[in-house]
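Report on one structure; see the data block that follows.
Each ligand, and each atom within it, is numbered from 1 in the order the structure gives. Fair warning: this is a prediction, and the values are worked out from it, not measured in the lab. Below, all heavy atoms of this structure are taken into account, side chains as well, without hydrogens, waters or symmetry copies.
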Amino acid sequence: MQYLPLFVKLTDKPVLIVGGGSVALRKAGTLLSAGARLTVVAPDFAEEFIQWQHEGKAQLINGYFAPELLDGKLLVIAATDNDAVNAAVYDAASARNMLVNTVDDQPKCGFIFPSIIDRSPILIAISSFGTAPVLARRLREKLEALLPQHLGPLAQLVGRFRDQVKAQIHGFAARRQFWEQVFDSDVVRDVQANQLQSAEQRLHTMLEQPQSQAGEVYVVGAGPGDPELLTLKALQLMQQADVVVYDYLVSPQIMELVRRDAERICVGKKAGDHSVPQQDTNQLLIDLALAGKKVCRLKGGDPFIFGRGGEEIQALLPHNIAFQVVPGVTAAAGCAAYAGIPLTHRDYAQSVQFVTGHCRPDGSEPDWHSMSKSNQTLVIYMGLIKAAHIQQQLISAGRSASTPIAIIENGSRPEQRIVTGTLAQLASLINQHQLGSPALLVIGEVVSLQQDLHWFGQRPQTAVFSQSITQME
Ligand code: SAH
């Protein structure tokens with residue numbers, strides 16, 4: 001973090017602006033809206049400055065900057081069109097450890113003016129610190145559009161209730177639960193409809209008859225890793241939950257979007273490493289929900305596709321714990337899209353099977369024959385370790401050794417890697433390229449389209465098909 005965002009109370013605080021032109025004017029306007037007491041020094045002043053002086057909002061000094069003018073000021077802004085003057089202001093202010101902003105000269109800024117989205121009392125400040133102002137502006141436009149105008153009145157309303165809520169509801173967690181209920185209630189709708197009295201009445205009622213909050217479990221699919229593949233609902237529930245129980249497939253970028261003060265419990269690590277037994281995870285969810293918590297059980301991909309979401313919900317049933325399920329983009333769909341492999345391109349495949357590479361609990365083999373027919377796509381989850389066995393079984397059951405295959409590691413993430421080749425090369429490619437978890441195997445004619453449809457990340461490392469096929473066959 002190059003700068004720390006702070007919100008500074010400037011009401012009646014002395015601020016010096018050096019410069020009287022249009023740039024200085026812009027800064028002065030912002031500072032006045034925060035209630036600062038302005039002293040402006042310049043040989044000439046724009047019209048508005050004179051007006052502000054008449055209105056008692058600014059004291060103008062007709063002349064040139066001198067370090068004594070910094071005496072007793074909290075902040076200083078160097079806004080002249082003369083670099084030497086700006087530098088002199090910067091040096092003098094820095095020598096006194098004062099915070100100085102030199103307009104359009106970021107290295108000479110001890111503080112900066114961010115773009116502001118104003119829904120007072122809610123304020124959002126954005127800055128790229130001069131590196132990408134257009135990007136910051138676009139972000140601001142997006143947020144402006146996203147944030148409803150009624151946020152300000154809503155925040156004002158709840159602000160008036162804060163002390164009362166503090167006095168009546170004890171404990172931070174209980175108060176937060178109360179406010180969550182308020183923001184999910186018709187209070188918000190009333191404020192939106194500008195019916196502030198009704199909103200206030202409702203809040204009174206909620207405070208007089210607080211509902212004890214029942215716990216709930218949200219079983220949420222987080223997709224394959226790219227945070228933009230989250231559903232809106234997943235994001236909402238991640239923001240609402242008191243506790244997030246997640247496993248290794250959930251990418252750090254996605255965990256960033258969890259509510260800051262939510263508790264985070266990791267229950268799953270990579271295959272082979274220690275992870276919490278399923279039984280214990282089930283019990284954890286039950287205990288948390290029975291303690292009245294909103295629990296977000298965040299899982300990679302889709303919770304019902306090789307995700308044990310069903311088992312976890314079954315465990316909740318005897319305890320009458322409420323639950324919701326939010327689907328996610330499963331690895332097969334996410335990785336195929338980001339690798340440019342249309343799983344059922346109609347010229348190549350009439351069906352697609354999602355298969356687990358893990359052994360069945362009873363040790364029996366899957367139906368290799370049905371998986372070995374051509375013109376169908378196989379997507380194998382958790383297939384890295386058993387790749388040699390999968391390759392050998394499919395080929396002996398009749399799938400051509402030259403069938404195109406792709407191994408997609410970290411699909412949809414910045415570090416995505418794809419290796420393509422033939423079925424006969426599957427296991428050796430995994431070794432050769434040291435592919436690790438999470439990785440998905442895609443087997444089928446559709447993989448050949450990948451060369452043309454690639455669009456995301458590094459171009460795949462491709463084994464030389466035809467030569468090796470001839471050698472193998
Ligand atoms: N519920 C998840 C799958 C869990 S099983 C889903 O619907 O996607 C775990 C396996 O999913 C991993 O071993 C790997 O085969 C696959 N997987 C999940 N995310 C992946 C990713 N980003 N890239 C490649 N494979 C992934």
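- Residue contact annotation: C335 has a non-hydrogen atom under 4.0 Å from ligand 1.
- For atom 23 (N) of ligand 1, the closest non-hydrogen atom of the protein is G411 N, 2.8 Å.
- At under 3.5 Å, a nitrogen or oxygen of P224, whether backbone or side chain, sits near a nitrogen or oxygen of ligand 1.
- The closest protein non-hydrogen atom to atom 11 (O) of ligand 1 is Y381 CD2, 3.4 Å.
- For Y246 and Y248, the gap between ring centers reaches or exceeds 6.0 Å.
- Contact annotation: the side chain of K27 approaches that of N101 to within less than 4.5 Å [non-hydrogen atoms, C-beta and beyond].
- Close contacts of ligand 1 with G300, meaning ligand atoms under 4.0 Å from a residue heavy atom, involve 1 (N), 2 (C), 6 (C).
- For ligand 1, none of its N or O atoms has an N or O atom of V329 under 3.5 Å away.
- Checking only distances, S437 never comes within under 3.5 Å of ligand 1, N or O to N or O.
- Of the protein's non-hydrogen atoms, the one nearest atom 17 (N) of ligand 1 is A331 CB, 3.4 Å.
- Between G225 and ligand 1 there is no heavy-atom distance shorter than 4.0 Å.
- Annotation: atom 3 (C) of ligand 1 to nearest protein heavy atom, I305 O, 3.5 Å.
- For atom 15 (O) of ligand 1, the nearest non-hydrogen atom of the protein is A439 O, 2.6 Å.
- Remark: minimum distance from atom 13 (O) of ligand 1 to any protein heavy atom is reached at M382 CG, 3.2 Å.
- For E180 and R259, the salt-bridge test passes: some basic side-chain N is under 4.0 Å from an acidic carboxylate O.
- Using a 3.5 Å distance cut-off with no hydrogens or angles, the side chains of Q209 and H204 do not pair a donor with an acceptor.
- Contacts between T356 and ligand 1, counted as non-hydrogen atom pairs separated by less than 4.0 Å, are absent for every part of the residue.
- A donor atom on one side chain and an acceptor atom on the other are not found under 3.5 Å apart for T377 and Y348.
- Each of the atoms 6 (C), 7 (O), 8 (O) of ligand 1 lies under 4.0 Å from some heavy atom of T330.
- T422 and Q425 form a side-chain donor-acceptor contact under 3.5 Å, judged by distance and modelled atom types alone.
- Under a 4.0 angstrom heavy-atom cut-off, K299 registers as lying outside contact with ligand 1.
- Here the protein heavy atom with the shortest distance to atom 5 (S) of ligand 1 is F306 O, 3.5 Å.
- Side-chain atoms of Q324 and E216 form a donor-acceptor pair, as typed in the model, at a separation below 3.5 Å.
- Here the closest heavy-atom approach between residue G309 and residue F304 is recorded as C-CE2, 3.7 Å.
- For I408, every heavy-atom contact with ligand 1 shorter than 4.0 Å involves the backbone, none the side chain.
- Applying the side-chain hydrogen bond (donor to acceptor under 3.5 Å, both in side chains) test between D190 and each of Q201, Q197, R202, H150 identifies R202 as the sole match.
- Atoms of ligand 1 found under 4.0 Å from any heavy atom of L440 (numbered from 1 in listed order, with element): 15 (O), 16 (C), 24 (C), 25 (N).
- For D302, a nitrogen or oxygen atom sits less than 3.5 Å from a nitrogen or oxygen atom of ligand 1, counting backbone and side chain alike.
- Relative ring orientation between Y3 and F129 is described as parallel, the plane-to-plane angle staying below 30° on a 0-90° scale split at 30° and 60°.
- Side-chain contact between T281 and R297 is present, with at least one heavy-atom pair separated by less than 4.5 Å.
- The nearest protein atom to atom 9 (C) of ligand 1, hydrogens excluded, is given as L249 CD1, 3.6 Å; this is a heavy-atom distance.
- A donor-acceptor pair shorter than 3.5 Å can be found between the side chains of Q278 and E312.
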